[in-house]
There are 2 protein chains.
Amino acid sequence: MKETLAITKALADENRLRIIMMVKDNEACVCQIVEVLGNASSTVSKHLSILKYAGLVDCYKQGRWIYYHLPQERSKAVSAAIRWVVESLEDSIVIQKDRVKSRCVCEQEPEELIKIQRDHKGDNENEKTRNI
Amino acid sequence: MKETLAITKALADENRLRIIMMVKDNEACVCQIVEVLGNASSTVSKHLSILKYAGLVDCYKQGRWIYYHLPQERSKAVSAAIRWVVESLEDSIVIQKDRVKSRCVCEQEPEELIKIQRDHKGDNENEKTRNI
DNA sequence: ACTATATTTCGTCAGATGACGAAATGAAAA
DNA sequence: TTTTCATTTCGTCATCTGACGAAATATAGT
């Protein structure tokens, strides 16, 4: 029950579902996820820790960046949960938009992205769809 | 996304998972569910409405009682979610205990059960495993 | 129609959750 | 070794959630 609940609670948030869909094909570092979701990095970090606790993502460090991806080793419950999420959200509008943005964001090396994020500090806070 | 989130939010609570596991093989009326979970009937009613909103249960009225069961018609997302929950919790201790209690509770007609619940009013509130 | 009663709705409260910015951490670069 | 900086942790706040009992609703049997 404990594992099952950890998984369902981790999945019960739109931002976390978006993260799963974002890293399912290509790993992404935190700053890339921050850019796509449009939340503060502290917020994204917390979401990632919840997903990781549930076993739904894993990460490794490379240089200054931490890359998140779906775990190689997955319990039966986790595999099935991930499969369910992916099938359920494949055609979601939100996810499609994220994919567009994600392609754009992940083309750039984190190094470049971070520079751009710095430049945008002070932009209108409500501007979620800023061009990069 | 809306449907997916409704489902994951509905599943992100232990009592609601227990309800799904309880009604998956045999329908149950509210008072039977109340007896097994040990919550107030208003609380259980709220849980049932959340499950119903997500399409995870359905109900019909018979006599004075409302019976809840898994829905006949299920969206792809709902079918897969229910399958996932059942597989994940089949061997859970909590669920096994519920099954024992459930067999005991559901042997009785709701009419009898309600009488017994009345008799137990005023029992120790913390006594969750009372004999019936 | 009236009464009894199974379930839901309402109002309220305590605790959980998600958001942010500031400060801490710790690994790489200088 | 010191500095830089990507990420996490901490502290705070507003909102959401789950719990309960009381009141409302609706149905069955008299």
Side-chain angles (χ1 to χ4, degrees), chain A residues 5-6 8-19 27-35 37-54 57 59-68 105 108-119 121-122 125-126 128, chain B residues 5-6 8-19 27-35 37-54 57 59-68 105 108-119 121-122 125-126 128:
Chain A
L5 257 181
T8 57
K9 280 174 185 288
L11 297 180
D13 178 89
E14 175 164 344
N15 287 318
R16 292 196 289 268
L17 292 176
R18 289 169 71 192
I19 291 173
E27 61 187 14
C29 80
V30 181
C31 62
Q32 292 168 328
I33 298 169
V34 164
E35 190 60 33
L37 295 193
N39 286 329
S41 58
S42 57
T43 303
V44 170
S45 179
K46 180 73 177 143
H47 284 313
L48 288 167
S49 80
I50 290 168
L51 287 169
K52 197 172 176 199
Y53 176 76
V57 302
C59 65
Y60 68 96
K61 200 159 206 171
Q62 182 162 74
R64 259 177 298 182
W65 294 278
I66 296 176
Y67 287 90
Y68 281 83
V105 164
Q108 317 179 47
E109 289 305 303
E111 208 138 35
E112 282 306 306
L113 182 57
I114 284 294
K115 236 182 262 172
I116 293 159
Q117 285 180 346
R118 263 198 300 273
D119 297 347
K121 278 253 170 110
E125 297 284 339
N126 297 324
K128 299 256 178 176
Chain B
L5 257 181
T8 56
K9 280 175 185 288
L11 297 181
D13 177 89
E14 175 164 343
N15 287 318
R16 293 197 288 270
L17 292 176
R18 289 169 71 192
I19 291 173
E27 61 187 15
C29 80
V30 181
C31 62
Q32 292 169 326
I33 298 169
V34 164
E35 189 62 33
L37 294 193
N39 285 329
S41 58
S42 57
T43 303
V44 170
S45 179
K46 180 73 178 149
H47 284 313
L48 288 166
S49 80
I50 290 168
L51 287 168
K52 197 173 175 195
Y53 176 76
V57 302
C59 65
Y60 68 96
K61 202 160 204 171
Q62 181 163 74
R64 259 176 297 183
W65 294 278
I66 297 177
Y67 287 89
Y68 281 83
V105 163
Q108 317 179 46
E109 288 305 303
E111 208 138 36
E112 283 305 306
L113 181 58
I114 285 294
K115 235 182 263 173
I116 293 161
Q117 285 181 347
R118 264 199 299 276
D119 296 347
K121 278 252 169 109
E125 297 285 338
N126 296 325
K128 299 255 176 178

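Below, read A as the first sequence line, B as the second, and so on, with proteins coming before strands; counting in each chain starts at 1. Note that these values count all heavy atoms, side chains included, but never hydrogens, waters or copies made by symmetry. The model shown is predicted, which means the values in this text are computed figures rather than measured ones.
- Taking 3.5 Å as the limit, the base of D:dG21 and the side chain of B:S42 contain a donor-acceptor pair of atoms between them.
- In terms of modelled atom types and a separation under 3.5 Å, the side chain of A:R16 and the main chain of A:L11 share no donor-acceptor contact.
- One finds a side-chain N or O of B:Y68 lying less than 4.0 angstrom from the OP1 or OP2 phosphate oxygen of C:dT8.
- Considering CG of B:D13 and CZ of B:R18, their distance stands at 10.0 Å, rounded to 0.5 Å.
- Between the NZ atom of B:K46 and the OG atom of B:S41 there is a distance of 14.5 Å, given to the nearest 0.5 Å.
- Distance, B:I66 CD1 to C:dT7 C1': 5 Å, rounded to whole Å.
- The CD1 atom of A:I19 lies 4.5 Å from the CG atom of A:L48; values are rounded to the nearest 0.5 Å.
- Between the NE2 atom in A:H47 and the CG atom in A:N39 there is a gap of 5.5 Å [rounded to 0.5 Å].
- Rounded to an integer number of Å, the gap from CG of B:L11 to P of D:dG18 is 12 Å.
- Rounded to an integer number of Å, the gap from CG of A:L5 to P of C:dT17 is 11 Å.
- Checking C:dT7, D:dG18, D:dT7 against the side-chain heavy atoms of B:R16 singles out D:dG18 as nearest.
- Remark: P of C:dG18 and CD1 of A:I19 are 11 Å apart, rounded to the nearest angstrom.
- Separating the CH2 atom of A:W65 from the C1' atom of C:dA29 is a distance of 11 Å, rounded to the nearest angstrom.
- The phosphate of C:dT8 (OP1 or OP2) has a side-chain N or O of B:S45 nearer than 4.0 angstrom.
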**Request:** Go through the steps for A:Q32 and A:W65 under the test side-chain contact (heavy atoms from CB on, under 4.5 Å), then give the verdict.
**Result:** CA-CA 10 Å; A:Q32 292 168 328; A:W65 294 278; over 6 Å; no

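- Position along DNA chain C of the nearest nucleotide to B:V44 versus A:A40 favours B:V44 as the more 5'-ward residue.
- For C:dT17, the OP1/OP2 oxygens have no side-chain nitrogen or oxygen of A:H47 closer than 4.0 Å.
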**Request:** Classify every nucleotide of nucleotides 25-30 of chain D by which part a protein heavy atom approaches to under 4.0 Å, writing B for the base, S for the sugar-phosphate alone and - for neither, in 5'-to-3' order.
**Result:** -SSS--

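- A distance of 10.5 Å separates CD1 in B:I33 from CD1 in B:I66, rounded to the nearest 0.5 Å.
- Summarising the geometry, atom CZ belonging to A:R64 is positioned 11.5 Å from atom SG belonging to A:C29; distances are rounded to the nearest 0.5 Å.
- Closest to the side chain of A:I50, from the set D:dT7, C:dG18, C:dC20, is C:dG18.
- The end-to-end axis angle of the helix from C:dA1-D:dT30 to C:dA30-D:dT1, rounded to 10 degrees and based on five pairs per end, is 30°.
- Spacing between atom OH of B:Y60 and atom C1' of C:dT7 amounts to 16 Å, rounded to whole angstrom units.
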**Pair B:Y67-B:K61, side-chain contact (heavy atoms from CB on, under 4.5 Å): steps then yes or no** = CA-CA 6 Å; B:Y67 287 89; B:K61 202 160 204 171; over 6 Å; no

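- Closest approach to the B:N39 side chain among D:dA19, C:dT8, C:dC20 is made by D:dA19 (side chain taken as heavy atoms from C-beta onward).
- One atom, CG of A:D13, and another, P of C:dG18, lie 5 Å apart when rounded to the nearest Å.
- Counting to the nearest Å, the P atom of C:dT7 and the CD atom of B:Q32 are 9 Å from each other.
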